[in-house]
Amino acid sequence: MIVVEKNEGTKIEYTITDTILNLNEEIMMDVSKFERDFPVHIDICRNQFDMLTFGLSERYVAQIDIPAREYEMVENGTDEEGNPKYDKVAVPFDIGKVILTLWSMEG
C-alpha cells in the first residue's frame, strides 16, 4: 500500500495485514472486496460524534484509492478452425497499488 500524508499533524493509527486495513480499531475493511472494473475512491471521515464514517462528514481522516481491476488474456485451447482461443482472467488483487491518503486529525 502506498501511504501519502496529505498535510502535517497527527494521523490516524492504522495497520495493514494482507488486504485488511484497520483504522484505529474503529473501521476494519478488506480492501480487495472494493476492487471493481473502474477506479474506486473511498472517503473516511470523523462525524460530529467523533466516530469514523464512510463518506463525507465533519473532517477528513483518510482516503483510499483502489485502481481498476486488471485483466490478462490467457490462452485456452483452439477453436474448430485451429485458431487460439483466449479467456479474460482477472489479475490477482495487488495491495501495493492501493493509495491510502492520511489527513491530520488536528484542527
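Listed by first and then second residue, the salt bridge (charged side-chain N to carboxylate O under 4.0 Å, His left out) pairs involving residues 11-24 are Glu5-Lys11 (not counting sequence neighbours). The stretch residues 31-58 participates, sequence neighbours left out, in no ring-ring contact (aromatic ring centres under 6.0 Å, His included) pair at all. Applying the salt bridge (charged side-chain N to carboxylate O under 4.0 Å, His left out) rule to pairs touching residues 73-101 yields Glu70-Lys97, sequence neighbours excluded.
By the side-chain contact (heavy atoms from CB on, under 4.5 Å) test, Ile2 pairs with Val4, Ile99, sequence neighbours left out. Take Thr17 and apply the side-chain hydrogen bond (donor to acceptor under 3.5 Å, both in side chains) test, not counting sequence neighbours, and it matches no residue. For Asn24, the side-chain hydrogen bond (donor to acceptor under 3.5 Å, both in side chains) partners at least two apart in sequence or on another chain are Glu26. Under the rule for a side-chain contact (heavy atoms from CB on, under 4.5 Å), the partners of Asp37 that lie at least two apart in sequence or sit in another chain are Arg69, Tyr71. With sequence neighbours left out, Tyr60 forms a ring pair (Phe, Tyr, Trp, His ring centres under 6.0 Å) with Trp103. Taking Glu25 as the reference, Asn22 meet the side-chain contact (heavy atoms from CB on, under 4.5 Å) condition, with sequence neighbours excluded. Scanning for side-chain hydrogen bond (donor to acceptor under 3.5 Å, both in side chains) contacts around Ser32 gives Asp30, with sequence neighbours left out. With sequence neighbours left out, Ser57 forms a side-chain contact (heavy atoms from CB on, under 4.5 Å) with Cys45, Asn47, Gln48, Thr53.
Using a 4.5 Å heavy-atom cutoff, the side chains of Met28 and Leu21 are not in contact. The shortest distance between side-chain heavy atoms of Asn76 and Tyr86 does not fall below 4.5 Å.
Separating the CG atom in Leu23 from the CD1 atom in Ile12 is a distance of 5.0 Å, to the nearest 0.5 Å. Rounded to the nearest 0.5 angstrom, Thr19 OG1 and Lys33 NZ are separated by 7.5 Å. Summarising the geometry, atom OG1 belonging to Thr10 is positioned 8.0 Å from atom CE belonging to Met105; distances are rounded to the nearest 0.5 Å.
Exactly one of Ile64, Val31, Ile66 qualifies for a side chain to side chain contact (heavy atoms under 4.5 Å, CB included) with Val40. That residue is Ile66.
Taking Ile, Leu, Val, Met, Phe, Trp and Tyr as members and joining any whose side-chain heavy atoms lie under 4.5 Å apart, directly or through other members, the hydrophobic cluster of Val74 also contains Val89.
No continuous path of ILVMFWY side-chain contacts below 4.5 Å connects Ile20 to Met1, so the two sit in separate hydrophobic clusters. Clustering ILVMFWY residues whenever any of their side-chain heavy atoms sit less than 4.5 angstrom apart, transitively, puts Ile27 in the very cluster that holds Val3.
Without hydrogens or angle criteria, Glu72 side chain to Ala90 main chain gives no donor-acceptor distance under 3.5 Å. Side chain of Arg36 to backbone of Ala68: no donor-acceptor contact under 3.5 angstrom is found.
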